[in-house]
Amino acid sequence: MPSPLTAKAVEKAKPDPENPKRREIPDGGSGLYLVVQPSGAKSWAARYRNAAGKPVKLTLGKYHEEAFPLSLARQRLRETLDAVDRGIDPAAAKRAAKAAADLVTLPTTMGDLADVYVKRYLKKRVRRWEAAQGEIDNHIRPRLGSVSLVDLSRAHGRQMVQEIAETYPVAANRALARLNAILNWAVGEDLIEANPMVGIKRASAEAPRERVLSDAELREVWQASDTLGYPAGEIVKMLILTGQRRDEVRSAPWSEFNLEERTWIIPTARFKGGRPHMVPLSDAVLERLASMPFKDRAEHVFIGRIKGKPFHNLEKPKAALDKAIAEARGEDSEAMQPWTLHDLRRTCRTGMSRLGIARDVAERVIGHAVGGKLGATYDVYEYRDEKARALSAWGDHVLAVVEGKQSDNVVPMRAGK
């Protein structure tokens, strides 16, 4: 029989980077389990047999060292088993209550429909749903949320696209695609009769981006990020130093980091490549992580305003960065060429090549598969030393640029220096 859990063991429990599935750690043979998701999120579950003798699993709630610790989970288990002894199936009762709650009034506005779409489809069926949620909250809801579904017309959609495209043409395309996705889903669910947005053209054609920031521009972005502070400014610096994707950085939980081993392992559930990805931590990154506020009591590295959730919206911080850079340059200077946060990833990749990092190593640093599809035996620690030297060289270069000690005429150096 497995040993009972302890509060310390629960706190230290982490996902298995070699296994993309969740872990279920038993509390002895009591029927209580600590469930650890690949993302690092933890919850409590009870297992029992109902009156028909069938095994049942009941989720008790999310783990929290204060709000839902081991002691409270054991109490909830006792209550669950007491109910079973009285002939009640707690899991069935929970499902019945949820079904009753889902019998809500049909949506009448676009905002209502968006809420139903997020609850019934987006969060259940889309693995990386946060970006789609951002498109809804940042673009669709502010412009169309109060519009009645009866009155919703193609003119509303066209006006939304035009307004967004004035500043963010690519975002306008994304918002239109999301709006169509919501309305097409609603047609399939018999919530509306037809999608009135059919036929609206995208704001602009999207060509593959090739923007790479110069060292001087990289210095400007870094210095401007100082004006944002935590968390947005630190997210920008993490993007620069690691070359990882925006959402992988923004929503990273502390459970993915091992500061002693100098590793950040992004699990399959959060990594676009559909496999775990290991990012070695350079001195520059470790220094920033060590100075993060709330690191001893927050679930995420970059916390947002909603408790237990990561920082969400980077659109306003990006606009603030552009404004800070323009003010630093002055009215008489040429404006910085348009750039996106994703360009920081391309800048990191290109910068490693300039430093003499081998192509296959640089590709692995940013999580690209090298040599075709990776097999099921993919080793998350493969090329660890080479990637560590590459990111160390890149971090040293970035800090030298920020301090004004390096120019665009960089002399290539080997990662193993």
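Quick note: residue numbers are just sequence positions, from 1.
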Donor-acceptor under 3.5 Å (Asp27 side chain, Ser30 main chain): no
Under 3.5 Å donor-acceptor, Asn173 side chain and Ala203 backbone: yes
Backbone N/O of Glu66 and side chain of His64: donor-acceptor pair under 3.5 Å: yes
Between OG on residue Ser225 and OH on residue Tyr230, distance to nearest 0.5 Å: 14.5 Å
Nearest-0.5 Å distance that lies between atom CG in Leu113 and atom CD1 in Ile136: 9.0 Å
Backbone N/O of Tyr383 and side chain of Arg364: donor-acceptor pair under 3.5 Å: no
ring-ring contact (aromatic ring centres under 6.0 Å, His included) partners of Phe311, counting only residues at least two apart: none
Residue pair Ser39 / Ser255: nearest heavy atoms and the distance that separates them: O-OG, 3.7 Å
Residue pairs passing the salt bridge (Lys or Arg N to Asp or Glu O under 4.0 Å) test where at least one lies in residues 221-236, sequence neighbours excluded: Asp226-Lys237, Glu234-Arg288
Check: Arg76/Thr80 side-chain N/O donor and acceptor closer than 3.5 Å: no
Non-hydrogen atoms of Ala172 and Val161 that approach each other most closely: CB-O, 3.7 Å
Heavy-atom side-chain contact between Leu149 and Pro107 under 4.5 Å: yes
Cation-pi geometry met for Lys124 and Trp129 (6.0 Å, 45°): no
Arg219 side chain to Val401 backbone, donor-acceptor under 3.5 Å: yes
Distance-only donor-acceptor check, side chains Asp247 and Ser251, under 3.5 Å: no
Neighbour count above 12 (heavy atom, 6.0 Å) for Arg246 CZ: no
Other residues, nucleotides, ligands: >12 heavy atoms within 6.0 Å of Arg359 CZ: no
Backbone of Gly134 reached by a side-chain donor or acceptor of Asn138 within 3.5 Å: yes
Residue list, side-chain contact (heavy atoms from CB on, under 4.5 Å) with Val212, at least two apart or on another chain: Arg346, Thr347, Thr350
Side-chain donor/acceptor of Trp44 to backbone N/O of Phe68, under 3.5 Å: yes
Arg47 side chain to Leu58 backbone, donor-acceptor under 3.5 Å: no
Qualifying residues under side-chain contact (heavy atoms from CB on, under 4.5 Å), relative to Pro280, sequence neighbours excluded: Met278, Lys387, Ala388, Leu391
Salt bridge (charged side-chain N to carboxylate O under 4.0 Å, His left out) assessment of Glu256 paired with Arg270: CA-CA 11 Å; Glu256 293 178 1; Arg270 285 208 325 111; 2.7 Å; yes
Pairs satisfying salt bridge (Lys or Arg N to Asp or Glu O under 4.0 Å), at least one member in residues 152-167, at least two apart: Arg143-Glu163
Flag for Tyr117-Arg178: side-chain donor and acceptor within less than 3.5 Å: yes
Aromatic ring pairing Trp264/Phe257, orientation class (parallel under 30°, perpendicular over 60°, tilted between): parallel
side-chain contact (heavy atoms from CB on, under 4.5 Å) partners of Thr227, counting only residues at least two apart: Ala324
